[in-house]
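Some notes on the structure that comes next.
Just so you know, these numbers come straight off a predicted model, no measurement behind them. Remember, it's 1-based here, ligands and their atoms both numbered in the order they're listed. Positions are given from 1 along the sequence.
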Amino acid sequence: MAQNVQENEQVMSTEDLLQAQIELYHHCLAFIKSMALRAATDLRIPDAIHCNGGAATLTDLAAHVGLHPTKLSHLRRLMRVLTLSGIFTVHDDDGEATYTLTRVSRLLLSDGVERTHGLSQIVRVFVNPVAVASQFSLHEWFTVEQAAAVSLFEVAHGCTRWEMIANDSKDGSMFNAGMVEDSSVAMDIILRKSSNVFRGINSLVDVGGGYGAVAAAVVRAFPDIKCTVLDLPHIVAKAPSNNNIQFVGSDLFEFIPAADVVLLKCILHCWQHDDCVKIMRRCKEAISARDAGGKEMQLLFDVFMMYTDGIEREEHEWKKIFLEAGFSDYKIIPVLGVRSIIEVYP
Ligand SMILES: C[S@@+](CC[C@H](N)C(=O)[O-])C[C@H]1O[C@@H](n2cnc3c(N)ncnc32)[C@H](O)[C@@H]1O
């Protein structure tokens, strides 16, 4: 077997060998694109282009970002990688390169610069030494008994992601600011595409809701929904105050306040299977607690309806009736409290 492998390697053509080496180096250096993106974000190159009327030469950029005079040619090289990645576009104006924004770099404009959305903080969440360093522990995590029992982050840093945030306020601010940006963009898309999911809801709890960006977007669009944000006490303590949102500092494994709906954004993907089940159990309790009043009313109504020999039915009982009557499908649309509309399709 070993001999076969050696023979195969020996018969690799010169072209293949060269190509394989290029491909390998390409993979090795893929991180340069991320690092260049992070540098462009920190140097605020998108702002520089925007403030220069939407197009900037290298000299314009240098002036705006406060470039050290010895680094002009290095900035050109950085911009070459960034245009290759589609972060900027380059035009040749009479032999001089002029850079413009793309839809990606428009997302990197700073607060205060006219923009619809900003995602520069989330770039810092993804591309930062703490996050990247974790990936260097993959080998240990895959192979060492003790390491395999904890998260990759713990192997690299000796604490969980949430413990580091609790103990390092700079790291915590960076992380939460990034999540606020992500939530603003996500909620804009969700409210444009699927705002129906929030109709008919009286109360909602955003579990692990951080600084409350999701809840803020929900109450802006649906002011009648009573929104609660649950997160760890030191996180909610730093959340910007909002009279329309109630913040609760608690451990999501211990307690989730009652609500019609529990919202989990970017939560379950942080946890292993068993922890997800524990979280979902807490969510079920929270919804059931809110439901208890409605459920009781439903039961009373059910007995009341006996006077006409009627019944308050569960979904599977309605389904049986509709299908038996020859309808092909149905949809239950909650309206308010215990009331729903049932659409039945022929
Ligand atoms: C990936 S962030 C998601 C934040 C927010 N849902 C969003 O999408 O912007 C995970 C959140 O879970 C919170 N968290 C982690 N462990 C928690 C716990 N045991 N109890 C409550 N919140 C927790 C963190 O503080 C953080 O805000």
Atom 18 (C) of ligand 1 [closest protein heavy-atom partner, distance rounded to 0.1 Å]
Leu232 CD2, 3.5 Å

Ring-plane angle category for Phe175 and Trp162, please: parallel below 30°, perpendicular beyond 60°, tilted otherwise.
perpendicular

Protein heavy-atom partner closest to atom 10 (C) of ligand 1 - residue, atom, separation in Å
Trp162 CH2, 3.5 Å

Any idea which part of Trp271 is under 4.0 Å from ligand 1, heavy-atom wise: side chain, backbone, both or neither?
side chain

Proximity of Ser183 to ligand 1 by residue part, where a heavy atom lies under 4.0 Å:
side chain

Among Ile235, Asp182, Ile267, Asp231, closest by any non-hydrogen atom to atom 24 (C) of ligand 1:
Asp231

Could you identify the single nearest non-hydrogen protein atom to atom 11 (C) of ligand 1 and state the distance to 0.1 Å?
Gly208 O, 3.6 Å

Review item, side-chain donor-acceptor pairs of residues 20-38, under 3.5 Å, at least two apart:
from, atom 1, to, atom 2, distance (Å)
Gln21, NE2, Tyr25, OH, 3.0
Arg38, NE, Asp42, OD1, 3.3
Arg38, NE, Asp42, OD2, 2.9
Arg38, NH1, Val127, O, 2.7
Arg38, NH2, Asp42, OD2, 3.4

So is Ser250 close enough to ligand 1, meaning a heavy atom under 4.0 angstrom away?
yes

Atom 8 (O) of ligand 1 - nearest protein heavy atom and its distance:
Lys265 NZ, 2.7 Å

Go through ligand 1 atom by atom and flag the ones less than 4.0 Å from a non-hydrogen atom of Gly210.
27 (O)

Contacts of type ring-ring contact (aromatic ring centres under 6.0 Å, His included), residue His74, not counting sequence neighbours:
none

